[in-house]
Amino acid sequence: MHELSIAENIVSLVAEQAERSGFSRVRVIRLELGAFSSVEEQALRFCFGAAAQGSAAEEAELDVVVVPGEAWCLDCNQVVQLAERLAPCPHCGGGQLQVTGGQELRVRELEVD
Amino acid sequence: MCSVCGCGSGTPSVSPVATFGHVDFGAGPAGASVPGLTQDRLIRIERDVLAVNDAQARANRARLAASGVFSLNLVSSPGSGKTTLLVKLIEQLRTAHAIAVIEGDQQTSNDAERIRATGAPAIQINTGKGCHLDALMVARALDRFLLAPGSLLFIENVGNLVCPADFDLGEAHKVVVLSVTEGEDKPLKYPGIFTASDLMVITKSDLLPHLDVDLAAIMAHARRINPAIAIITVSARTGEGMAELCAWITAQARQNLRTAAE
């Protein structure tokens, strides 16, 4: 359940930002989540509910924006987008794919009161 | 592309979970993004959620490089044979290198005791309910070692094929350990950890004659997930492949220390 550590990290990021920017309540936390990251969204939401208790993020909605998976195809020598981790190259059908993107886990922005 | 269901429309719609009898939490991202609904203050942050861990991992890496220590982070499921493998590696590498071990487990110091029985220093980290080691835990363990230049540091992560993939500890390489009894399709089922690793060690090869497992299929699946991954097959019991593994570690350590010195 590493989603709990991740949820705690999100809450600390918000707390740090609340101090810096002088807000007390966050309405929306917009997260970028890579399609190939090993974070399970529902588990993250569950853990966030617990981790945010008593913090500026307590009532915040988690808005998750999924970043598509991306890989370098060793057969056709280009970056390609992959709909899922085990999909073949959409151009040449090859299976020699080195993942280059879609592992993100970032807080993009906050909507605050 | 629609961020919810992958359709061509720009309007998010309800996520279809179509395949009968298959609940796939990994597909069809649910949280629909509807930006611009509120006119409240918008604060752009653009910060990696694991930035704190990653910063500590960079500090660990710099500290290890400065003291001339080469480190490997061993990740696997519970029971793959990491500790037995480490005991054998220590026996074979200790004439050429000082060796230290950080052991991660939820509970008990059994593994650290097995390592200490070889004469190598070991620090046990108990994560309680935690499912992975993080860079701060490793930094605290490093405070308790005095590692000579040229030392090898093995970090045995908590047995888990999922979570340790995301947490950089400051190691030179992640090494995924997979035993032949775990079946051929683990790389396909748990791609994150095989993507993050530079070497896969397939253990318990002495059991192959008793199993229906297809060794070539394990390798093909790992390479499908990570075409650049190195693969070494070993048996800690018979010693098969151990010389090759020791040679890989020694060569990587030499290269790593040379790079650090430049």
Side-chain angles (χ1 to χ4, degrees), chain A residues 1-7 9-10 12-14 16-18 20-21 23 25-33 35-45 61-68 72 74 81 83-86 88 95-99 103-113, chain B residues 1-4 6 12 24-53 127 129-132 134 158 160-167 187-196 220-221 223-229:
Chain A
M1 261 308 249
H2 69 312
E3 281 80 2
L4 184 57
S5 334
I6 285 165
N9 276 294
I10 295 171
S12 338
L13 269 179
V14 168
E16 189 187 302
Q17 202 65 38
R20 189 178 303 168
S21 309
F23 60 82
R25 202 169 77 95
V26 183
R27 294 168 63 101
V28 179
I29 301 173
R30 195 152 292 122
L31 272 183
E32 279 179 13
L33 182 62
F36 297 162
S37 82
S38 37
V39 174
E40 208 293 294
E41 187 181 327
Q42 296 309 322
L44 179 61
R45 288 182 183 281
E61 171 202 341
L62 273 189
D63 178 9
V64 176
V65 181
V66 174
V67 180
W72 175 258
L74 296 178
Q81 281 207 351
E84 52 179 287
R85 185 62 180 83
L86 299 177
Q96 295 237 85
L97 297 155
Q98 193 84 50
V99 169
Q103 292 164 304
E104 295 81 354
L105 180 58
R106 323 187 71 211
V107 178
R108 185 195 282 179
E109 60 195 16
L110 305 176
E111 287 180 19
V112 304
D113 281 338
Chain B
M1 191 176 76
C2 163
S3 70
V4 174
D24 188 354
F25 283 115
S33 168
V34 189
L37 277 185
T38 156
Q39 296 305 310
D40 295 318
R41 273 172 70 199
L42 200 63
I43 300 179
R44 291 206 160 268
I45 298 192
E46 303 287 353
R47 285 273 306 274
D48 282 343
V49 171
L50 293 174
V52 173
N53 182 73
T127 59
K129 292 183 179 167
C131 51
H132 59 272
D134 65 35
V158 178
N160 179 338
L161 271 185
V162 182
C163 313
D166 278 349
F167 291 81
L188 303 180
K189 286 178 173 171
Y190 301 94
I193 207 113
F194 291 87
T195 305
H221 290 154
R223 291 196 175 105
R224 180 167 166 208
I225 293 302
N226 179 354
I229 199 165

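The sequence lines fix the lettering, A, B, ..., with proteins before strands; numbering per chain opens at 1.
Counting heavy atoms from C-beta outward, B:D166 and A:Q103 have side chains that stay 4.5 Å or more apart. Looking at heavy atoms from C-beta onward, A:R108 lies in side-chain contact with B:R44 at the 4.5 angstrom threshold. Between A:V39 and B:V49, the closest side-chain pair of non-hydrogen atoms is not below 4.5 Å.
Nearest heavy-atom pair, B:P227 versus A:L74, reported as atom, atom and distance to 0.1 Å: CB-CD1, 3.4 Å. Closest heavy-atom contact between A:H2 and B:C131: N-SG, 3.2 Å.
Distance check, rounded to the nearest 0.5 Å: OG of A:S21 to CZ of B:R41 gives 6.0 Å. Taken to the nearest 0.5 Å, the CZ atom of B:R47 stands 7.5 Å off from the CD atom of A:Q17. Summarising the geometry, atom CD belonging to A:E109 is positioned 7.5 Å from atom CD belonging to B:E46; distances are rounded to the nearest 0.5 Å. Put simply, CG on A:L105 and CG on B:D48 are 7.5 Å apart, with the number rounded to the nearest 0.5 Å. Note that the CG atom of B:L50 and the CD1 atom of A:I10 stand 9.0 Å from one another [nearest 0.5 Å]. The distance from atom CD1 of A:I29 to atom CD1 of B:I43, rounded to the nearest 0.5 Å, is 11.5 Å.
Only the side chain of B:F167 comes within less than 4.5 Å of a heavy atom of chain A; its backbone N, CA, C and O stay farther away. Contact annotation for B:I193: neither backbone nor side-chain heavy atoms come within less than 4.5 Å of a heavy atom of chain A. Looking at A:L33, there are no atoms closer than 4.5 Å to chain B (heavy atoms on both sides), in backbone or side chain.
Put simply, of A:V67, A:I6, A:V99, the one with the most heavy-atom pairs under 4.5 Å next to chain B is A:I6. Residue with the most contacts toward chain A among B:N226, B:N53, B:I225, B:D134: B:I225 (heavy-atom pairs, distance under 4.5 Å).
In the model, B:T195 has a side-chain atom that pairs as donor or acceptor with a side-chain atom of A:R85 under 3.5 Å.
The main-chain N or O of B:I45 is never found under 3.5 Å from a side-chain atom of A:R106 such that the two would form a donor-acceptor pair.
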